There are 2 protein chains.
Amino acid sequence: MQSKIMTKQTSPTEPPRGTRSAYVTELLRDMITRGDLESGSRVNERVLVEQLKISRTPLREAFKILEREGLISIQPNVGATVVAFTMDDVEASIEVLIGLETIGAERAAERATQAEIDKVAELHTRMVAAFEDSDLMSYFHLNQEIHQNIIDAAHNPALSRVYAAECARIRRFRFAGNRDRSRWERAVREHEQIAEAFARREGPLLRELLRAHHIAGWQKARHALEDDRGAEDKAGPPS
Amino acid sequence: MQSKIMTKQTSPTEPPRGTRSAYVTELLRDMITRGDLESGSRVNERVLVEQLKISRTPLREAFKILEREGLISIQPNVGATVVAFTMDDVEASIEVLIGLETIGAERAAERATQAEIDKVAELHTRMVAAFEDSDLMSYFHLNQEIHQNIIDAAHNPALSRVYAAECARIRRFRFAGNRDRSRWERAVREHEQIAEAFARREGPLLRELLRAHHIAGWQKARHALEDDRGAEDKAGPPS
DNA sequence: TTCGGCAATGTTGCATGCAATTTGCGTCAA
DNA sequence: TTGACGCAAATTGCATGCAACATTGCCGAA
């Protein structure tokens, strides 16, 4: 348990920069995304206070934030639990993300600055490099960054905000998409087209490419996750 | 100031049902929506603690929640301010709402149960009654409820959640839309069509009606708000 | 007069203690 | 054996005190 947290820390002696509250919020978010805190499991204040070496006040503030983000659920006088997503919940979120990108893509094609287009092109180049290095972690982050950058190019702060929040909610379920090489290769090709359509400001095309990309990606991820879940059920008894 | 809060309370002796934290969150949200806390103004903890008769802990938790909702902004070690929206910010939010309803409308037309359709029809009837009574407040709430109910009929929890959150953010700017009677009448007619399209499950039509409805409503509201803002600037010196 | 530094005041961030509520367990009766 | 009841332990909700930080106003030097 302790070791899992230690692996997260960038330096052995953790420097809680900023407020404790913001620090612990981010830490918990990562712990949930990484699976250190399991879906559906209770989150005990005392345990976390001891692990993270902070007092209950900032921790409880973090709980409230994460509850609003949809990552945990708080029952008054009972406690917090990590929200357990069904596959349908994730699919619902992806449907929302697709909808948001649908608005975003057309606006971005209209309103993006050249600098923003160049930025996405650069991220894409780096992402391809990560792919060729088989660096899944870097690939994943660059992938997310590309999508967010396209959305941001729509110059709609509300859109950027909502999109980022919804991405964060389901981040933990999106690693599974590119586990087999063939899907991964296809995803890279799709991104190639996406980057080109964005560079050419072809809004409707960009929109449809993004939609297709998400649907294909999710289909793979869903199957992978369902296999995982099946394997888990066989491996350990349900608690 | 005190009096404004008193008008909000449903009973003279406030019964903070549930946790203090949830109670004060809702109270602050209402205070912001109603304009009791002005856009851009600092929000002092001590003042609110004395007004609301609660301690700083639940108040600060409420701040964190409202910050995540996008209603206030917290600068560490400085304090909280009510987020000041520009007209462009509101327009950006509405663009997002339109996008969300675009997804929602088609899904709702496919997936709605008869009970959900009946519910919207009933709300619509009540809304028309409120219109005929010139009960702007009831009208406004029923209006919101209709839109949310249509979205909910899409049976997509993520969508319902995001939509509700985004509505709450800009609620305070949407009163202004139906102030002149002609626009109000037109809005009711538009809602008539919307309710019919929903009842007939005509997804694409519903989608376009909703889009047109929002755009027309916002155009009016924007002008009304700009007039207000102009009047304010003349009335009082900018602080 | 204006600008920089400094003290005084006010405000926020956090830790901790206490009260209220829930949960777990043991006992007893049916 | 099962179910209900009641007490104890654990856990959460909240209030409050203290420390850290920011802001304001004042004073002196240029």
Side-chain angles (χ1 to χ4, degrees), chain A residues 1 5 9 13-29 31-32 37-38 40-69 71-84 238-239, chain B residues 1 5 9 13-29 31-32 37-38 40-69 71-84 238-239:
Chain A
M1 278 255 176
I5 295 164
Q9 290 165 10
T13 59
E14 46 174 304
R17 65 198 185 290
T19 66
R20 303 265 200 290
S21 179
Y23 163 74
V24 71
T25 303
E26 193 174 343
L27 210 53
L28 286 176
R29 212 176 357 235
M31 287 171 75
I32 293 171
L37 295 174
E38 273 176 49
S41 66
R42 281 279 305 275
V43 185
N44 186 294
E45 287 184 8
R46 190 181 50 77
V47 172
L48 280 175
V49 159
E50 288 170 7
Q51 281 189 356
L52 306 182
K53 303 280 205 298
I54 41 91
S55 80
R56 288 178 58 214
T57 306
L59 178 64
R60 287 176 55 79
E61 288 178 355
F63 279 5
K64 298 290 184 184
I65 293 169
L66 294 171
E67 183 186 35
R68 193 57 39 158
E69 290 182 5
L71 289 175
I72 69 173
S73 152
I74 301 177
Q75 273 184 288
N77 287 314
V78 175
T81 58
V82 180
V83 169
S239 57
Chain B
M1 277 260 175
I5 297 164
Q9 290 164 9
T13 58
E14 47 174 306
R17 65 197 186 289
T19 66
R20 302 264 202 289
S21 179
Y23 163 74
V24 71
T25 302
E26 192 173 346
L27 209 54
L28 286 177
R29 208 169 9 228
M31 287 170 75
I32 293 171
L37 295 174
E38 272 176 48
S41 67
R42 282 279 304 275
V43 185
N44 185 293
E45 288 183 8
R46 189 181 51 77
V47 173
L48 280 174
V49 160
E50 288 171 6
Q51 281 189 355
L52 306 182
K53 303 281 203 297
I54 41 91
S55 82
R56 288 177 60 213
T57 305
L59 178 64
R60 288 176 54 78
E61 288 178 354
F63 278 5
K64 297 292 184 185
I65 293 169
L66 295 171
E67 183 187 35
R68 193 58 39 159
E69 290 182 6
L71 288 175
I72 69 173
S73 152
I74 301 178
Q75 277 184 286
N77 288 312
V78 176
T81 59
V82 181
V83 168
S239 57

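Quick caveat, the model's predicted, so the values are computed rather than measured. Heavy-atom basis, side chains included; hydrogens, waters and symmetry copies ignored.
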S.K.: What nucleotide, of D:dC18, D:dG13, D:dA15, holds the atom closest to the side chain of A:Asn77?
M.R.: D:dG13
S.K.: Exactly one of A:Val49, A:Val43, A:Leu27 should register a side chain to side chain contact (heavy atoms under 4.5 Å, CB included) with A:Leu59. Which one does?
M.R.: A:Val49
S.K.: Quick one: CD on A:Gln75 to OG1 on A:Thr81, what's the gap to the nearest 0.5 Å?
M.R.: 7.0 Å
S.K.: Would the base of C:dT12 count as contacting A:Thr19 through its side chain, where contact means a donor and an acceptor less than 3.5 Å apart?
M.R.: no
S.K.: Give the nucleotide from the list D:dT16, C:dC14, C:dT11 with an atom nearest to the side chain of B:Ser55.
M.R.: D:dT16
S.K.: Given that A:Phe63 and A:Thr57 both sit by DNA chain D, which one's nearest nucleotide is further toward the 5' end?
M.R.: A:Phe63
S.K.: If I take atom NZ in residue A:Lys53 and atom P in nucleotide C:dC14, what distance separates them, rounded to the nearest angstrom?
M.R.: 18 Å
S.K.: Out of C:dG13, D:dT12, C:dT11, which nucleotide sits closest to the side chain of A:Glu45?
M.R.: D:dT12
S.K.: Nearest 0.5 Å, what's the CG-OG1 distance between B:Asn77 and A:Thr19?
M.R.: 8.0 Å
S.K.: Quickly work out the A:Arg60 CZ to D:dC14 C1' distance and round it to whole Å.
M.R.: 8 Å
S.K.: Quick one: A:Arg20 CZ to D:dA19 C1', roughly how many Å, whole number?
M.R.: 11 Å
S.K.: Take atom CG of B:Leu59 and atom C1' of C:dG13, then tell me their distance rounded to the nearest Å.
M.R.: 13 Å
S.K.: Nearest-Å distance, CD (B:Glu61) to C1' (C:dG13)?
M.R.: 13 Å
S.K.: Between A:Arg29 and A:Glu69, is the closest basic N to carboxylate O distance under 4.0 Å?
M.R.: yes
S.K.: What is the separation between atom CG on B:Leu48 and atom P on C:dG10, rounded to the nearest whole Å?
M.R.: 18 Å
S.K.: Please give, in whole Å, the distance from D:dC21 P to B:Ile74 CD1?
M.R.: 18 Å
S.K.: Taking for each residue the nucleotide of DNA chain C with the nearest heavy atom, is it B:Arg42 or A:Arg56 whose nucleotide lies nearer the 5' end?
M.R.: B:Arg42
S.K.: If I take atom CD in residue B:Glu67 and atom P in nucleotide C:dG13, what distance separates them, rounded to the nearest angstrom?
M.R.: 10 Å
S.K.: B:Arg60 versus A:Lys64: any side-chain heavy-atom pair under 4.5 Å?
M.R.: no
S.K.: For C:dT11 and B:Arg46 - does any side-chain N or O of the residue sit under 4.0 Å from the phosphate oxygens OP1/OP2?
M.R.: yes
